[in-house]
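Quick note on labels: first sequence line is chain A, next is B, and so on, each numbered from 1.
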Number of protein chains: 2
Amino acid sequence: MMNLKFDQNGLIPVIAQDYRTGEVRMFAWANEEAVKKTLETGYAHYYSRSRGSIWKKGETSGELQRVVEVRVDCDEDALIYMVYQEKDVACHTGERNCFFRDIWGEKANKVLPFEVLQRLQDVIKSRIEEKKEGSYTYSLFLQGEDRVLQKFGEEAVESLIALKNGDPESIKAELSDMLYHMLLALTIRGVDISQVLEELCSRFK
Amino acid sequence: MMNLKFDQNGLIPVIAQDYRTGEVRMFAWANEEAVKKTLETGYAHYYSRSRGSIWKKGETSGELQRVVEVRVDCDEDALIYMVYQEKDVACHTGERNCFFRDIWGEKANKVLPFEVLQRLQDVIKSRIEEKKEGSYTYSLFLQGEDRVLQKFGEEAVESLIALKNGDPESIKAELSDMLYHMLLALTIRGVDISQVLEELCSRFK
């Protein structure tokens, strides 16, 4: 591996970023041994400054982080672990990531553009698994695959008309409808949006 | 603002994350004054440990970071600045972000699922602006809006057929085609994919 610049305590800051959603799951520290264990095992290891020891994330909670890639910054003194987060929870508080508050201490609930397709499909999956009464998603799901595909087709046609007319507000609204129904159709077919996006990534030049 | 835990040097680690793509643009440090200046001005300020002073990102290069939101982690000892990156470049090396190498020192070129739609639309925009010869995007653009919309419609119908048939490989391929043509149609209409995704975010419950 590269020569990393560890600080006077032998540590380097690590950003754990979710490979699918892009959200920063947590921020922690690693020493050289923790980085090596991460590379050897494929699972995120850190160094606890309070306990003075290496820890494997999720060893007791099951909230393991499978590391797809480790990236290094230009100064070689900070890392990103690009992770699949098991159980979809990373914070010891039970929140999905550690950055759940804004600077005013308010809950930072806002879902951001880069994560919204994945997060929305995850909600769609849970509505169906929970058989959520009163949910639009679940009731459309119950009407069967042809009805879901028909809705996707309708919204694609409405998107086309909006794009032809050129009004930005209609374009945003109709494409949002189409994307939502696309996610529902994908869910019925057992395909994750990250798999579609990976296909697009593989074509990226 | 919240009571933050600054370290023994009065500093707190800051992750600058791109609001549109989700990529981590850079990792740096701030003191209390830098955080306050960031909040007051709406532009990212940091503290340089080597120079021993506050700096405004992009003050000389123009690579300013407009801060949409500041998030705080569970331990109150790390921040995220959620930023719009001006000039689309954050690293002093000229790279778009500082994490452009993997742990083996190789160029980390891989575009990741969460960022691919935005990154792809940015490429589409540049192909058109540069009037790139031999580019599929530019040649389709030259054929006019009706042809672009027709292609989007065709790919939507092919997506529908693939979803009906259920083969995951065809679904991924056809939806990728559709999403690409959707991005081209959006570009012609001057709508950014982040605006469509923001519309989806605003509906998120």
Side-chain angles (χ1 to χ4, degrees), chain A residues 1-2 13 15 17 19-22 24 27 39 69-74 78 80 91-93 98-99 101-105 108 110-116 118-120 149 152-153 156 160 163-164 166 168 171-173 175-176 179 182 185 189 191 194-201 203-204, chain B residues 1-2 13 15 17 19-22 24 27 39 69-74 78 80 91-93 98-99 101-105 108 110-116 118-120 149 152-153 156 160 163-164 166 168 171-173 175-176 179 182 185 189 191 194-201 203-204:
Chain A
M1 65 187 224
M2 287 177 72
I15 300 159
Q17 184 172 25
Y19 172 80
R20 299 187 319 146
T21 62
V24 174
F27 172 80
L39 295 173
E69 192 177 37
V70 177
R71 293 193 177 181
V72 182
D73 84 339
C74 52
I80 295 176
C91 186
H92 73 285
T93 60
C98 296
F99 294 86
R101 284 171 304 173
D102 67 20
I103 190 77
W104 313 110
K110 197 165 174 273
V111 172
L112 298 172
F114 58 80
E115 64 186 339
V116 69
Q118 188 69 58
R119 295 280 303 273
L120 188 54
L149 294 179
F152 168 66
L160 203 49
L163 285 163
K164 179 66 188 167
I171 290 171
K172 289 188 270 178
L175 281 178
S176 291
L179 291 171
M182 175 190 83
R189 287 301 182 226
V191 177
S194 66
Q195 297 175 275
V196 176
L197 297 175
E198 277 177 333
E199 169 69 24
L200 266 183
C201 291
R203 298 177 182 189
F204 204 93
Chain B
M1 66 187 222
M2 284 178 75
I15 300 158
Q17 184 171 25
Y19 172 80
R20 299 188 319 148
T21 62
V24 175
F27 172 80
L39 295 173
E69 190 177 38
V70 177
R71 292 193 178 183
V72 182
D73 85 339
C74 51
I80 296 176
C91 186
H92 73 284
T93 60
C98 296
F99 294 87
R101 286 172 303 174
D102 68 18
I103 189 78
W104 313 110
K110 198 166 174 270
V111 172
L112 299 172
F114 57 81
E115 62 186 339
V116 69
Q118 186 70 57
R119 295 279 304 272
L120 188 53
L149 293 179
F152 168 66
L160 202 50
L163 284 162
K164 178 66 188 168
I171 290 171
K172 288 187 271 178
L175 281 177
S176 292
L179 291 171
M182 175 190 83
R189 287 301 182 226
V191 177
S194 66
Q195 297 175 275
V196 176
L197 297 175
E198 276 178 333
E199 168 69 25
L200 265 183
C201 292
R203 299 175 180 190
F204 205 93

- By a 4.5 Å heavy-atom criterion (distance strictly below it), what part of I15(A) contacts chain B: side chain, backbone, both, or neither? side chain
- Flag the one option from T21(A), L160(A), V191(A) with the top tally of heavy-atom pairs under 4.5 Å to chain B. L160(A)
- Between R101(B) and C74(A), which heavy-atom pair has the shortest distance, and what is it? NH2-O, 3.3 Å
- Check W104(B) against M1(A) and note the closest heavy-atom contact, atom names and distance. CZ3-N, 3.3 Å
- Between chain B and each of V196(A), D102(A), L179(A), D73(A), count heavy-atom pairs under 4.5 Å; write down the option with the most. D73(A)
- Query: Which atoms of L120(B) come close to chain A, meaning under 4.5 Å heavy atom to heavy atom: side chain ones, backbone ones, both, or neither?
  - Reply: both
- Heavy-atom pair with the smallest gap, counting every atom of A108(B) and F99(B): CB-O, 4.5 Å
- Message: Can you tell me which portion of P168(B) sits under 4.5 Å from chain A's heavy atoms? Options are side chain, backbone, both or neither.
- Response: both
- Checking heavy atoms, do the side chain of V72(B), its backbone, both or neither come under 4.5 Å from chain A? both
- Note on the structure: Of the listed G22(B), C91(B), S194(B), the one with the largest count of heavy-atom pairs under 4.5 Å with chain A is G22(B)
- For S176(A) and E199(B), work out which heavy atoms get closest and say how close. OG-CG, 3.1 Å
- Please flag which part of Q118(B) lies under 4.5 Å from any non-hydrogen atom of chain A: side chain, backbone, both or neither. neither
- Note on the structure: Whatever's closer than 4.5 Å to a heavy atom in chain B on Q17(A) counts as side chain
- Message: Treating R20(A) as the side-chain partner and F114(B) as the backbone partner, does any N or O pair qualify as donor plus acceptor under 3.5 Å?
- Response: no
- Task: Between chain B and each of K110(A), E115(A), E198(A), count heavy-atom pairs under 4.5 Å; write down the option with the most.
- Result: K110(A)
- Query: Between T93(A) and chain B, which part of the residue has a heavy atom less than 4.5 Å away: side chain, backbone, both or neither?
  - Reply: side chain
- Return the option, out of K164(B), R119(B), E69(B), H92(B), with the maximum number of heavy-atom pairs under 4.5 Å with chain A. K164(B)
- Message: Would the distance check show the side chain of R71(B) and the main-chain N or O of I80(B) forming a donor-acceptor pair, the cut-off being under 3.5 Å?
- Response: no
- Note on the structure: Correct closest heavy-atom pair for G166(A) and R189(B) would be CA-NE, 3.6 Å
- What are the two closest non-hydrogen atoms of L149(A) and A185(A), and how far apart are they? CD2-CB, 4.0 Å
